[in-house]
Amino acid sequence: MTRLLYFASLRALAGKSEESLELGGETTVRALGERIGKTSPKLGEMILGKKVMVSVNQDVATLDTPVRDGDEVAFLPPFSGGAI
Amino acid sequence: MTRLLYFASLRALAGKSEESLELGGETTVRALGERIGKTSPKLGEMILGKKVMVSVNQDVATLDTPVRDGDEVAFLPPFSGGAI
Amino acid sequence: MSTVMESKVRIQREDFSVTGEIEAIKKVSRNIGGIVTFLGTGRELSKGENITQLNFEHYPNMAEKKLEEIRVKAIADFKIIDMSIIHRIGEIDIGENIVLIVAAAEHRTEAFKACEWAIAELKRTTPIWKRETTSKGEVWVQDTP
Amino acid sequence: MSTVMESKVRIQREDFSVTGEIEAIKKVSRNIGGIVTFLGTGRELSKGENITQLNFEHYPNMAEKKLEEIRVKAIADFKIIDMSIIHRIGEIDIGENIVLIVAAAEHRTEAFKACEWAIAELKRTTPIWKRETTSKGEVWVQDTP
């Protein structure tokens with residue numbers, strides 16, 4: 001199982017804050033984005049268009065970063081911490 | 001009477017922290033420095049050589065600034081406030 | 001080096017004490033001569049809108065890891081003695097504390113540089129998000145770095 | 001504008017509270033988003049000498065007048081909301097607070113600039129003197145600006 005996390009504004013787009021997926025073998029962030037796009041077209045588009053940052057096991061990832069069973073993949077909209 | 005104030009390291013040179021002088025009419029910071037130099041040669045030299053700042057009534061003065069009866073003249077070594 | 005009671009980077013719901021954090025960092029060295037702090041607080045106005053409340057969310061563990069990276073890099077790059085970084089999450093009212101960065105150094109120039117760099121770096125690299133509540137509703141702020 | 005309980009520039013023997021001064025300046029406006037503070041503290045080392053105590057002296061009234069000039073100019077030149085400046089005099093031990101400058105602004109960049117300028121200006125223009133006590137005796141520090 002691979003755990004997917006949606007933060008902040010992406011929660012409304014995904015319709016959930018997290019989910020667990022059965023990957024059936026190694027895949028990539030890109031393939032994951034395509035799969036998400038089937039149920040959430042706008043979110044899939046943002047992932048593939050690099051409008052959101054993706055992390056795999058809390059390290060910043062690219063579309064080519066491999067994703068394996070047991071990984072934690074997070075979709076991160078632009079940060080806005082730090083007050084002003 | 002004119003009040004003279006000596007601060008910090010100048011106190012030891014003047015041998016006092018303050019004194020009152022009878023000027024006998026208007027004078028200048030320069031003339032005051034010459035007069036002080038008679039009893040405290042090193043201090044007089046520093047005043048005339050602009051090694052110390054002089055204020056008249058708490059405003060920064062030059063050697064030509066007039067000094068009158070009732071004025072407060074202070075001799076200020078280089079500042080060192082503000083911690084580091 | 002005294003025992004560290006609490007971590008120097010923290011993300012927490014509760015408020016923090018600026019004096020308390022400064023006193024904690026002072027214990028690190030007797031050679032601290034300048035301490036620069038940045039305190040970010042909730043403003044009422046944002047792009048002309050009147051804000052009634054703020055709400056912060058973070059990615060647990062990853063956010064703390066990023067703050068620690070900022071702290072370590074600031075100490076190394078700016079030759080400061082120590083730094084602490086605290087960010088609050090959850091509901092924040094106008095005027096309340098949001099984020100605190102404390103940079104302690106022998107001299108003030110490095111402390112100013114390190115503190116200013118750290119808050120910019122936090123905004124750029126740390127997965128924390130702000131939601132503003134105005135009369136028009138709630139909106140997640142999408143800051144461009 | 002709330003009633004000002006105490007002056008925003010002060011020279012005093014007793015210690016001050018950083019949190020207290022920050023909370024006081026927060027009351028000035030609900031639009032403060034960034035507060036930068038500089039806290040100067042007593043260092044153990046100075047030019048290789050081990051310091052055991054510091055002692056500060058000021059020119060009463062003239063020093064306060066200079067601090068107020070710095071405050072007014074900082075607010076005008078850097079477009080900040082407010083500033084407070086507090087300097088202690090008398091005996092100060094290692095690690096103790098000496099001087100505090102608090103700059104409150106809508107945004108952080110101006111607050112950093114104003115605070116850094118103010119401490120440099122204080123050192124340059126304000127009649128305050130520091131005496132250091134080391135194993136070799138007491139010496140008035142003659143800083144070159």
Side-chain angles (χ1 to χ4, degrees), chain B residues 1-21 28-29 32-33 36 40-63 65-84, chain D residues 11 38-47 51 54-70 85-89 92 94-101 115-132 137-145:
Chain B
M1 298 290 274
T2 298
R3 195 169 166 228
L4 308 189
L5 303 175
Y6 303 99
F7 284 99
S9 58
L10 302 185
R11 250 194 323 268
L13 277 181
K16 59 197 118 187
S17 63
E18 63 172 279
E19 65 183 317
S20 288
L21 284 188
T28 61
V29 169
L32 212 52
I36 289 166
S40 307
K42 187 159 180 218
L43 182 52
E45 211 172 274
M46 287 170 76
I47 294 166
L48 299 173
K50 298 179 193 169
K51 300 279 186 268
V52 302
M53 189 181 279
V54 182
S55 67
V56 175
N57 299 328
Q58 308 194 354
D59 285 323
V60 175
T62 68
L63 289 174
T65 300
V67 179
R68 299 179 185 90
D69 197 45
D71 283 350
E72 177 179 285
V73 182
F75 301 98
L76 316 171
F79 308 146
S80 51
I84 42 166
Chain D
I11 295 182
F38 172 75
L39 175 67
T41 57
R43 282 185 69 203
E44 191 166 53
L45 280 176
S46 169
K47 290 156 194 138
I51 297 169
L54 298 167
N55 206 301
F56 286 88
E57 172 182 329
H58 77 308
Y59 183 179
N61 300 321
M62 184 174 175
E64 284 87 345
K65 197 171 73 173
K66 289 293 175 186
L67 295 188
E68 181 62 22
E69 283 174 17
I70 294 169
I85 311 177
I86 302 158
H87 202 299
R88 287 179 68 198
I89 50 163
I92 308 256
I94 303 308
E96 282 192 358
N97 297 335
I98 297 171
V99 57
L100 177 71
I101 298 184
C115 192
E116 194 165 11
W117 173 81
I119 179 63
E121 192 71 359
L122 182 154
K123 288 171 72 75
R124 195 177 72 82
T125 67
T126 307
I128 299 177
W129 299 274
K130 174 168 63 175
R131 196 174 72 210
E132 291 177 349
E138 296 184 349
V139 63
W140 286 103
V141 177
Q142 310 262 326
D143 278 351
T144 38

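Protein chains get the first letters and strands the later ones, always in sequence-line order, with residue 1 at the start of each.
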If you tally heavy-atom pairs under 4.5 Å between each of Asp59(B), Asn57(B), Leu76(B) and chain D, the highest tally belongs to Leu76(B)
Side chain, backbone, both or neither: which part of [X] has an atom under 4.5 Å from a heavy atom of chain B?
| X | result |
| --- | --- |
| Trp129(D) | both |
| Phe56(D) | side chain |
| Ile128(D) | both |

Minimal heavy-atom distance between Met62(D) and Pro127(D), with the atoms involved, is CG-CG, 3.8 Å
Taken in chain and number order and not counting sequence neighbours, the residues that satisfy salt bridge (Lys or Arg N to Asp or Glu O under 4.0 Å) with Arg68(B) are Glu26(B)
Of Leu122(D), Ile119(D), Val139(D), Asn61(D), the largest count of non-hydrogen pairs under 4.5 angstrom with chain B goes to Asn61(D)
One option among Arg88(D), Lys65(D), Arg131(D) has the most heavy-atom pairs under 4.5 Å with chain B, and it is Lys65(D)
Distance col, row Met1(B):CE vs Glu19(B):CD, nearest 0.5 angstrom, shows 9.5 Å
Hits for ring pair (Phe, Tyr, Trp, His ring centres under 6.0 Å) against Trp117(D), two or more places apart or cross-chain, chain-then-number order -> Phe78(D)
Practice problem: Spell out, as yes or no, whether a donor-acceptor pair under 3.5 Å connects the side chain of Lys130(D) to the backbone of Ala83(B). | Solution: yes
